[in-house]
There are 2 protein chains.
Amino acid sequence: MPAPAEFIKFIDSNADAFIQRLSDAVAIPSISGDASHRQDVFKMAEWLNAHLKAVGVDTQLVDLGKHTMDGEELPLPPAILGRIGDDKDKKTVLIYGHFDVQPANKSDGWDTDPFALTILPDGKLVGRGSSDDKGPILGWLNVLQYHFQSNKPLPVNLRLCFEGMEESGSEGLDELVEKESKKGGYFDGVECVCISDNYWLNTRTPALTYGLRGLTYFKLTVSGPARDLHSGVFGRTVHEPMTDLIHLMGRLVDVQGKILIPGVEEMVDVAGDEERAIYESLDYTTADIEQSAGAPIALSANKVDVLMGRMRYPSLSLHGIEGAFSGVGAKTVIPAKVSGKFSIRLVPPQTPDAVDPMVISYIEKEFAKLKSKNKLTIENLHGGKPWVADVNHWNFEAAKKATKEIYHQNPDLTREGGSIPVTLTFAESLGVNVLLLPMGRGDDGAHSTNEKLDRANFIEGSKLLGTYLYEIAAIAK
Amino acid sequence: MPAPAEFIKFIDSNADAFIQRLSDAVAIPSISGDASHRQDVFKMAEWLNAHLKAVGVDTQLVDLGKHTMDGEELPLPPAILGRIGDDKDKKTVLIYGHFDVQPANKSDGWDTDPFALTILPDGKLVGRGSSDDKGPILGWLNVLQYHFQSNKPLPVNLRLCFEGMEESGSEGLDELVEKESKKGGYFDGVECVCISDNYWLNTRTPALTYGLRGLTYFKLTVSGPARDLHSGVFGRTVHEPMTDLIHLMGRLVDVQGKILIPGVEEMVDVAGDEERAIYESLDYTTADIEQSAGAPIALSANKVDVLMGRMRYPSLSLHGIEGAFSGVGAKTVIPAKVSGKFSIRLVPPQTPDAVDPMVISYIEKEFAKLKSKNKLTIENLHGGKPWVADVNHWNFEAAKKATKEIYHQNPDLTREGGSIPVTLTFAESLGVNVLLLPMGRGDDGAHSTNEKLDRANFIEGSKLLGTYLYEIAAIAK
């Protein structure tokens, strides 16, 4: 049962208005990882809540309490719960999305103001959050607007769960999902989950995603002097925190991507020929990843190795250093306190609970070997388990049909390198199938400079989300 | 011949006005290493020039042309040349100082606004440039003001040379000094040089400095992706610039301060027992350096090793990384282009010309070993040769007498770990003795957060500078 032709027509004829609404959403710098922008995340929650009510969603804002970030106690942005329909003859689908974004400054290398959506001649909609994850959230809003304005009932019962802390570890959400998943809870009766918060493998082929890597994020702080020191006056007289930290960071991962922390790689089995064949079949080449990276820097010329490096093996990335000299020019300083940031992407059977102790004890051992008089502290900033789903479930079958209808091709079945920890929380708390239905392309540049969503993906993607709901109704009842 | 009692009295009775003038100077953020503050360096030059004229100095501003910093072409701040006296029966002394400062932000960890001089109850004058080098420059201004207001001739002929690029490699000054040192030049006839731009060894004992380490400052840039990447999407698929850079930076120096670049340590001979005895005699302990560092982090418990690490051996410090994530919180980014900053302090017979090729070829070799597909560029941002002077010259004898008169103790004779490249330019261009006559204490925290100058050092130091001129007149004619 495809979606009604009127729905498809409605999306096309309102495209410009939908893009304007996306522009309004991008204009709110709802950066959850920066305390100075916390109020913008609240503002974004209010904006979204108002728009959901306007299309007939029965919503409620849930206070998630407070948390401490970099020593400062902050109120958590509210989660938005929404409900439409209670028809016993319809399936009940839970939709998840997040309205917070990654940090972004023009000075990071953006060609345009990251918080002013820029429409390029080739149809790219450039702005922070355009693809991750405001575009997909607004895609659902587009679907709901059609049914509200044309006074058509949805083919399924919907439950919505939108959060404002996804980019900072989804603080407070797990407890909420677990609580509301119980008998009598807000999510009671939910039969499947759909999350649109990832990307196609390439720029050509729609994808359905059945696996995610987990994450564990660390902050290593080495401190010594009471204040920054002059390298002329103190060079070669004291233990320098930067020297210690650089030595520690250099022992975490090799330049080929192999994780050097004993036990971490060993947890993951090596792929056999059959599994390698699955990756061989994906519409993806090393050239694709080099195109999205913008340079010929793939770790391997073998597409299967590159794909498995992203999907089914763990990775460790060094993100940066807080407290050292990071400006332009030449400053001859010995920084007093420096914090290295790195994270490990986890795959089954790895979990933060299993991996974190290995990381901490290894770093403590390596620091002890340095015989430094400086102090080391290791903080885990956040983490989440990896996840894999059954691709033969009716939830996935509906998404495959919908994809075929809108894009006239079969989707790639992918595992994603990124982390959406709440995916696992839904799967475990509700005990139902979870589908990741990406809207954006592999070159959208989420978390990066010049993040974009293609106009075609926003518009066709909105049609896809609506059609998916109709296919669920068709298959499942 | 001590300075006239009226001079000493004048300095004491005008102390508060002098401190107010220092506060006015600190309020101008003349950061030479930050293009956005270049106009403030010009403003500082005008401020100083006006104050010099007001005390009877015949000055001229010398345009030093333009230079390129971080890809931007900028006008260089002018050098200020000044002249008082042409008496054939008097010695002619050249005074050098600099009116630019290191970068400073409250967010770096300052307790107060770095550009608002704060007077603490214990007499500390806290502010960027208070000790390095606005305090000493204003010390000379205090001396000149006495002679101007009391209409007393100076005991020597003075030539002044103040620059605004010292913290950024003294761009353009070498050429000026070389030119003006020639027959008929502005500095023709100069018989000795006095530079007040360093610190006592400790917080108790005045010092005269006869040696300086040189410097060579490098920027290593590793670039790969066309833009920052999401570590979930790209982790373990591409060569990550941060991983490459951290591995390179980890191969430059070990945690005990030993430089790992082949040939660099080997250029310096090892100190014999006689030389060690000189360092043993200094009024200095490991506890002193740990007190000024603010923590028990000395590389050795042996005071001689710690002192020689600072004065007569080279050092390598890692200052920071430009282009990586340096903010608070957790950002899961793979930075596209990262630049590591480090510098090496040089001692005789090391020179940038001899050391730089060793550094560059070593880093290129180590990068090649990484087999990375990323690109490496190595830039030398600035450098200067080390310097050692004759401590038995009348220039030093005059300073020893003056120190005894003002502080009632003999000065430590020290070699300094820091770099003032122009010192060598003066020594080589003029072929005369150069004296470093420090005003501040070992814990002033130049280049660091909460930089300060003690009120006593500013006031007694002003007396010392004046008395030194009278002792030259007494000894030399």
Side-chain angles (χ1 to χ4, degrees), chain A residues 33 70 103 217 224-233 235-239 242-244 246-247 249-250 253 255 257 289 293-295 297-298 306 309-310 313 315 317-322 324-326 328-334 343 345 370 372-373 381 417-419 445-449, chain B residues 33 70 103 217 224-233 235-239 242-244 246-247 249-250 253 255 257 289 293-295 297-298 306 309-310 315 317-322 324-326 328-334 343 345 370 372-373 381 417-419 445-450:
Chain A
D70 298 295
Y217 198 113
R227 70 194 76 83
D228 289 354
L229 304 176
H230 185 310
S231 65
V233 181
R236 204 160 191 167
T237 66
V238 298
H239 288 276
M242 263 297 274
T243 305
D244 295 351
I246 293 292
H247 276 264
M249 292 177 81
V253 61
V255 292
I289 202 150
I297 56 174
V306 173
R310 165 173 171 170
Y313 286 117
S315 65
S317 294
L318 306 171
H319 305 301
I321 295 175
E322 179 183 341
F325 174 51
S326 60
V328 297
K331 187 175 178 183
T332 54
V333 63
I334 296 173
S343 64
R345 301 285 169 172
L370 299 184
S372 169
K373 293 178 182 171
L381 298 190
S419 307
H447 293 214
S448 164
T449 50
Chain B
D70 296 296
Y217 197 112
R227 69 196 74 84
D228 289 355
L229 303 175
H230 184 311
S231 65
V233 180
R236 205 161 193 164
T237 66
V238 298
H239 288 277
M242 264 296 275
T243 305
D244 296 350
I246 293 291
H247 277 264
M249 292 176 81
V253 61
V255 293
I289 202 150
I297 55 172
V306 172
R310 167 173 171 170
S315 65
S317 294
L318 305 171
H319 305 301
I321 295 175
E322 179 183 341
F325 174 51
S326 59
V328 297
K331 187 175 175 183
T332 54
V333 64
I334 296 172
S343 64
R345 300 286 170 171
L370 299 184
S372 170
K373 294 179 182 171
L381 298 190
S419 306
H447 294 214
S448 164
T449 50
N450 301 318

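Any value given below was found using the heavy atoms of this structure, including those in side chains, with hydrogens, waters and symmetry copies removed. This structure is a prediction, so every number in the text was calculated from the model and none was measured. Throughout, a chain's letter reflects where its sequence line sits, starting with A, and its residues are numbered from 1.
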Residue A:Arg310 versus chain B: region with a heavy atom under 4.5 Å: both
Max heavy-atom pair count under 4.5 Å with chain A, selected residue of B:Gly224, B:Gly250, B:Ala293, B:Gly445: B:Ala293
Chain B contact via A:Asp244 - which portion, at a heavy-atom distance below 4.5 Å: both
Partners passing ring pair (Phe, Tyr, Trp, His ring centres under 6.0 Å) against B:His447 (at least two apart in sequence or in another chain): A:His230
Contact class of B:Ser231 relative to chain A, heavy atoms under 4.5 angstrom: both
Option in B:Ser315, B:Gly294, B:Ser372 with maximal non-hydrogen atom pairs under 4.5 Å from chain A: B:Ser315
Which of B:Ala295, B:Gly33, B:Pro225 touches chain A most, by non-hydrogen pairs under 4.5 Å: B:Pro225
Minimal non-hydrogen separation, A:Thr449 against B:Asp228, with atom names: OG1-N, 3.9 Å
Among A:Ala330, A:Ala226, A:Gly320, residue most engaged with chain B (heavy-atom pairs, under 4.5 Å): A:Ala330
Closest approach of B:Val253 to A:His247 (non-hydrogen atoms, all atoms of both residues): O-NE2, 2.7 Å
Closest-packed option against chain A by number of heavy-atom pairs under 4.5 Å, given B:Val306, B:Thr237, B:Leu381: B:Thr237
Which of B:Val328, B:Thr243, B:Ile289 touches chain A most, by non-hydrogen pairs under 4.5 Å: B:Val328
Closest contact, heavy atoms only, A:Thr332 versus B:Arg345: CB-NH2, 3.3 Å
Engaged part of B:Asn450 at the chain A interface, taking heavy atoms whose separation is under 4.5 Å: neither
Most chain B-contacting option - heavy-atom pairs closer than 4.5 Å, from A:Leu229, A:Asp70, A:Ile246, A:Val255: A:Val255
B:Ile297, part contacting chain A, at a heavy-atom distance under 4.5 Å: both
Minimum-distance pair of heavy atoms, taken over all atoms of A:His319 and B:Lys331: CG-O, 3.3 Å
Chain B contact via A:Ser343 - which portion, at a heavy-atom distance below 4.5 Å: side chain
Interface residue of largest heavy-atom contact number with chain A, from B:Pro103, B:Ala324, B:Ser326, B:Ala446, under 4.5 Å: B:Ser326
Contact class of A:Ile321 relative to chain B, heavy atoms under 4.5 angstrom: both
Engaged part of B:Arg227 at the chain A interface, taking heavy atoms whose separation is under 4.5 Å: both
